Amino acid sequence: MSKPVLISGIQPTGRLHLGNYLGALKNFVELQNSSKYDCYFFVADYHSLTVDFDPETKAQETLDVAKAYLAAGINPKKSLIFSQSDIKGSGDLMWILNVIAPVGEMERMTQYKDKAKSQPANINMGLLNYPLLMAADIFLYNAKFVPVGDDQLQHLELARTLARKFNKRFGQTFIEPQSILTKTPRVMSLDNPEKKMSKSSPNSCLFLDDSPEEIESKIKRAVTDSGSEIKYDRQNKAGVSNLLEIYSELSGKAIPAIEKMCAGKGYGQFKTDLAKVVTDALKPFREVKSKKLNIKSMLDAGAKKAQKIAEKKMGEVKQKIGLLQ
Ligand code: AMP
Ligand code: TRP
């Protein structure tokens with residue numbers, strides 16, 4: 001019996017951070033190791049062109065995300081790893097989804113509105129079409145499960161709507177994809193626990209390849225709340241609660257056990273302990289950075305396999321909509 005397909009991607013837009021890891025990447029590895037799915041993980045380089053970028057560094061950023069996949073524990077013997085732009089078909093399928101997606105619905109996407117606001121001089125069509133390319137990435141491989149952070153849920157909901165619409169009009173073709181969230185689908189910023197952690201605010205963001213000194217100094221500066229008790233309370237102690245979640249996810253200890261361990265200690269000691277937990281957990285990412293690995297050939301091999309599946313699906317789609325074969 002074949003296993004259900006699971007797919008996800010991360011954009012090569014600079015350095016990955018702890019939000020990417022705890023919201024997505026760590027889950028990719030656990031899902032891969034559960035052996036319950038046929039796993040595909042790709043680098044979403046086409047998507048990354050929708051924000052201002054430097055052509056000089058794009059290829060390297062793509063290789064770096066693939067390297068981070070390996071550092072996190074994704075195993076090319078178990079999962080298919082490839083780069084999005086190596087596959088012919090996602091752009092074609094996106095075009096087809098284009099003609100069934102209502103513009104009004106696309107304009108309502110939160111990420112589109114946020115990005116349009118943050119780069120007013122570059123509100124390009126790719127920003128608007130972004131969720132259609134994402135849906136194409138999912139449909140092309142018949143994926144049923146999609147592990148992502150919660151900022152991508154709206155896009156997945158749109159993909160489900162498009163699948164239903166297409167299937168109704170042209171016959172059963174696409175699976176309605178389901179999201180898989182982690183326990184921390186939204187890691188918050190260190191200096192503002194109301195905002196999600198993001199690389200746009202580098203001092204309040206823990207990058208996976210930060211040095212131990214940087215990790216310690218950023219955590220020391222993290223906003224804590226009034227009082228001095230280390231207690232999980234999302235409503236009234238958002239800063240400490242975010243730090244407790246990070247501690248728990250990276251150490252494998254339950255939050256009540258951490259609270260107990262920290263009873264009587266102040267924020268200072270807690271932060272020192274947390275910096276150690278984070279530094280230890282991120283060691284593989286720092287190490288892999290300086291390693292010479294043949295990432296390009298791994299991506300080429302992954303693309304070869306993924307291409308076959310994509311071609312088969314595109315053939316089916318063209319036939320369903322009556323295009324000349
Ligand atoms: P991106 O870099 O936008 O391709 O994001 C890669 C993955 O990381 C996606 O699944 C996002 O949902 C997830 N992600 C990004 N930022 C955060 C965050 N602060 N907390 C949790 N997940 C996040
Ligand atoms: N949009 C996703 C993000 O920003 C990346 C992505 C592109 C993706 N295509 C996908 C994730 C398909 C899951 C499935 O994180």
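This is a predicted model, so every value here is computed, not measured. Both counts, for ligands and for their atoms, begin at 1 and track the order of listing. Numbers here simply count residues along the sequence, with the first being 1.
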**OP:** Measure from atom 9 (N) of ligand 2 to every heavy atom in Asp137, Asp45, Thr50, Leu133 and give the option owning the shortest one.
**Re:** Asp137

**OP:** Give the residue and atom name of whichever protein heavy atom lies nearest to atom 3 (O) of ligand 1, and the separation in Å to one decimal.
**Re:** Gln11 NE2, 3.3 Å

Original post:
Does the pair Arg186/Asp150 count as a salt bridge with the N-to-O cut at 4.0 Å?
Top reply: yes

**OP:** From the options Asp273, Asp280, Thr279, select the one residue that forms a side-chain hydrogen bond (donor to acceptor under 3.5 Å, both in side chains) with Lys276.
**Re:** Asp280

Original post:
At what distance is the nearest protein heavy atom to atom 20 (N) of ligand 1, and which residue and atom is it?
Top reply: Val187 N, 2.8 Å

Subject >> Distance-only polar pair, side chains of Gln84 and Asp137, donor-acceptor under 3.5 Å >> reply: yes

Original post:
Just distances here: any N/O of Gln11 and N/O of ligand 2 closer than 3.5 Å?
Top reply: yes

Original post:
Counting heavy atoms only, which part of Gln84 comes closer than 4.0 Å to ligand 2: side chain, backbone, both or neither?
Top reply: neither

Original post:
Of all the non-hydrogen atoms in the protein, which one sits nearest to atom 21 (C) of ligand 1, and at what distance?
Top reply: Pro185 O, 3.1 Å

Original post:
For ligand 2, which atoms have a heavy atom of His47 less than 4.0 angstrom away?
Top reply: 7 (C), 9 (N)

**OP:** Please write down residue, atom name and distance for the protein heavy atom closest to atom 7 (C) of ligand 1.
**Re:** Ala24 CB, 3.7 Å

**OP:** Give the residue and atom name of whichever protein heavy atom lies nearest to atom 4 (O) of ligand 2, and the separation in Å to one decimal.
**Re:** Tyr130 OH, 2.7 Å

Original post:
In terms of side-chain heavy atoms, does Lys313 have a donor or acceptor partner in Asn142 at a distance below 3.5 Å?
Top reply: yes

Original post:
Atoms of ligand 1 less than 4.0 Å from Gln152 heavy atoms?
Top reply: 12 (O)

Subject >> Short side-chain donor-acceptor distance under 3.5 Å, Ser35 and Lys78 >> reply: no

Subject >> For atom 12 (O) of ligand 1, the protein heavy atom that lies nearest, with its residue and separation >> reply: Asp151 OD1, 2.3 Å

**OP:** Indicate whether the side chain of Asp45 and that of Ser83 have a donor and an acceptor atom separated by less than 3.5 Å.
**Re:** yes

**OP:** Could you tell me if the ring centre of Tyr37 sits under 6.0 Å from that of Phe28?
**Re:** no

Original post:
Counting only N and O atoms by type, is there a donor-acceptor contact under 3.5 Å from the side chain of Gln119 to the main-chain atoms of Thr50?
Top reply: yes

Subject >> Cationic N near anionic O, under 4.0 Å, Glu30 to Lys26 >> reply: yes

Original post:
Parallel, tilted or perpendicular: which fits the ring planes of Phe207 and His17, with parallel below 30° and perpendicular above 60°?
Top reply: perpendicular

Original post:
Please state which protein non-hydrogen atom is closest to atom 9 (C) of ligand 1 and give its distance, to 0.1 Å?
Top reply: Gly149 N, 4.0 Å

**OP:** Heavy-atom distances under 4.0 Å are what count here, so tell me which part of Ser8 touches ligand 1: side chain, backbone, both or neither.
**Re:** neither

Original post:
Is ligand 1 under 4.0 Å from a heavy atom in the side chain of His17, in the backbone, in both, or in neither?
Top reply: side chain

Original post:
With atoms numbered from 1 as shown, which atoms in ligand 2 lie under 4.0 angstrom from a non-hydrogen atom of Val146?
Top reply: 13 (C), 14 (C)

Original post:
For ligand 2, is there an atom lying under 4.0 Å from some heavy atom of Ile10?
Top reply: no

Original post:
Nearest to atom 5 (O) of ligand 1, what protein heavy atom do you find, and at what distance?
Top reply: Asn20 ND2, 3.4 Å

**OP:** May I ask you to decide whether Asp92 forms a salt bridge with Lys318, counting only side-chain N to carboxylate O separations under 4.0 Å?
**Re:** no

Original post:
Are the ring centres of Tyr21 and Phe285 closer than 6.0 Å?
Top reply: yes

Original post:
Is there a heavy atom in Ala44 that sits closer than 4.0 Å to ligand 1?
Top reply: no

Original post:
At what distance is the nearest protein heavy atom to atom 6 (C) of ligand 2, and which residue and atom is it?
Top reply: Gly9 O, 3.9 Å

**OP:** Indicate whether any N or O donor in one side chain lies under 3.5 Å from an N or O acceptor in the other, for Lys58 and Ser48.
**Re:** yes

**OP:** Output the list of atoms in ligand 1 that are nearer than 4.0 Å to some heavy atom of Val148, sorted by atom number.
**Re:** 10 (O)

Original post:
Just heavy atoms, cut-off under 4.0 Å: does Arg186 contact ligand 1 by side chain, backbone, both, or neither?
Top reply: backbone

**OP:** Determine whether the side chain, the backbone, both or neither of His155 has a heavy atom under 4.0 Å from any heavy atom of ligand 2.
**Re:** neither

**OP:** Number the atoms of ligand 1 from 1 as they appear, then name those within less than 4.0 Å of a heavy atom of Gly23, with their elements.
**Re:** 21 (C), 22 (N)

Subject >> Short side-chain donor-acceptor distance under 3.5 Å, Glu245 and Ser248 >> reply: no

**OP:** Please report which non-hydrogen protein atom sits nearest to atom 22 (N) of ligand 1, along with the residue it belongs to and the distance in Å to one decimal place.
**Re:** Gly19 O, 3.1 Å

Subject >> Result of checking Thr62, Asp64, Thr57 against Gln60 for side-chain hydrogen bond (donor to acceptor under 3.5 Å, both in side chains) >> reply: Asp64

Original post:
Is Ile10 close to ligand 1, meaning an N/O of one under 3.5 Å from an N/O of the other?
Top reply: no

